[in-house]
Participant: 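This is the structure I have questions about; it appears just below.
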Amino acid sequence: MIVMRVKVNEKQFDIIIDKLKLMVYEYNTKIKEYGVYLKPYHIVYKNSKRYIYIGKYWYKLEKIGGKLKWIYLGKTKPIENMPNPPQIPESTIIKEDNEYIVDEKILYDLE
């Protein structure tokens, strides 16, 4: 399958990111009792680009030395009997300079 990447402006990006993060926040509220979370927003910096991932990684929060720390658990659901996460489109969002580049599929999945 060919993945087409398209440029979106900041307003379009904000709409996309807000919808995706809302899905993760609502899900994390539902699974609070399990003590694990989908990390809502993760950024990787590489070669002057920012790669933005939404709801891709599982973490638990621990208080260490009076501070909250995200403890990485992996990419798969850590507790089998908890509800499945929302169907977040599998995509990569890239910020390069002042432009955002998204997988075209995400635009259709979120309509």
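Values in this document were obtained by computation on a predicted structure and should not be read as measured data.
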Participant: Using a 4.5 Å cut-off on heavy atoms from C-beta on, say whether the side chain of Lys11 contacts that of Asp14.
Facilitator: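 Heavy-atom side-chain distance check fails, nothing below 4.5 Å.
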Participant: Is there a side-chain contact between Lys95 and Ile43 (heavy atoms, below 4.5 Å)?
Facilitator: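 Lys95 vs Ile43: side chains apart.
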Participant: Is there a continuous path of hydrophobic side-chain contacts, each under 4.5 Å between heavy atoms, that joins Val8 to Ile94?
Facilitator: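 No, because Val8 and Ile94 fall into different hydrophobic clusters, even though each may have its own neighbours under 4.5 Å.
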Participant: Give a yes or no on whether Val6 and Ile17 share a hydrophobic cluster (residues Ile, Leu, Val, Met, Phe, Trp, Tyr; joining criterion: side-chain heavy atoms under 4.5 Å apart).
Facilitator: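 Yes.
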Participant: Would you be so kind as to tabulate the donor-acceptor pairs closer than 3.5 Å made by side chains of residues 46-55, with sequence neighbours excluded?
Facilitator:
none

Participant: Working to the nearest 0.5 angstrom, can you tell me the gap between Thr29 OG1 and Lys32 NZ?
Facilitator: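 Spacing of OG1 (Thr29) from NZ (Lys32) equals 6.5 Å.
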Participant: Within the structure provided, determine whether Trp58 and Leu38 are in side-chain contact (heavy-atom separation under 4.5 Å).
Facilitator: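 Touching, per the 4.5 Å side-chain cut-off.
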Participant: Extract all donor-acceptor atom pairs below 3.5 Å that involve side chains of residues 59-88 and protein atoms in other chains or at least two apart in sequence.
Facilitator:
| from | atom 1 | to | atom 2 | distance (Å) |
| --- | --- | --- | --- | --- |
| Lys60 | NZ | Glu62 | OE2 | 3.1 |
| Lys77 | NZ | Glu80 | O | 3.2 |
| Lys77 | NZ | Met82 | O | 2.9 |
| Lys77 | NZ | Asn84 | OD1 | 2.7 |

Participant: Decide side chain to side chain contact (heavy atoms under 4.5 Å, CB included) for Asn9 and Gln12; before the verdict, give the C-alpha distance in whole Å, the side-chain angles of both, and the deciding distance to 0.1 Å.
Facilitator: CA-CA 5 Å; Asn9 62 37; Gln12 291 169 307; 3.3 Å; yes
Participant: Determine, using the 4.5 Å side-chain heavy-atom cutoff (strictly less than), whether Val44 and Tyr57 are members of one ILVMFWY cluster.
Facilitator: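 Yes, Val44 and Tyr57 fall within the same hydrophobic cluster.
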Participant: Contact between Val24 and Tyr41 at the side-chain level, heavy atoms closer than 4.5 Å - yes or no?
Facilitator: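 Answer no - side chains too far apart.
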Participant: Find out if a path of hydrophobic residues (ILVMFWY) with successive side-chain heavy-atom gaps under 4.5 Å connects Tyr27 to Val36.
Facilitator: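 Linked, Tyr27 and Val36 end up in one cluster.
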Participant: Which atom names give the shortest non-hydrogen contact between Tyr37 and Ile31, and what distance separates them?
Facilitator: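 That would be CA-CD1, 4.3 Å.
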Participant: State the CZ-CD1 distance between Arg5 and Ile93, to the nearest 0.5 angstrom.
Facilitator: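 The CD1 atom of Ile93 is 10.5 Å from CZ of Arg5, to the nearest 0.5 Å.
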Participant: Hydrophobic cluster mates of Tyr25, side-chain heavy atoms under 4.5 angstrom, ILVMFWY only, any path?
Facilitator: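 Via sub-4.5 Å side-chain contacts, Tyr25 links to none.
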Participant: Are the side chain of Glu26 and the backbone N or O of Met23 linked by a donor-acceptor pair below 3.5 Å?
Facilitator: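 Answer holds: no.
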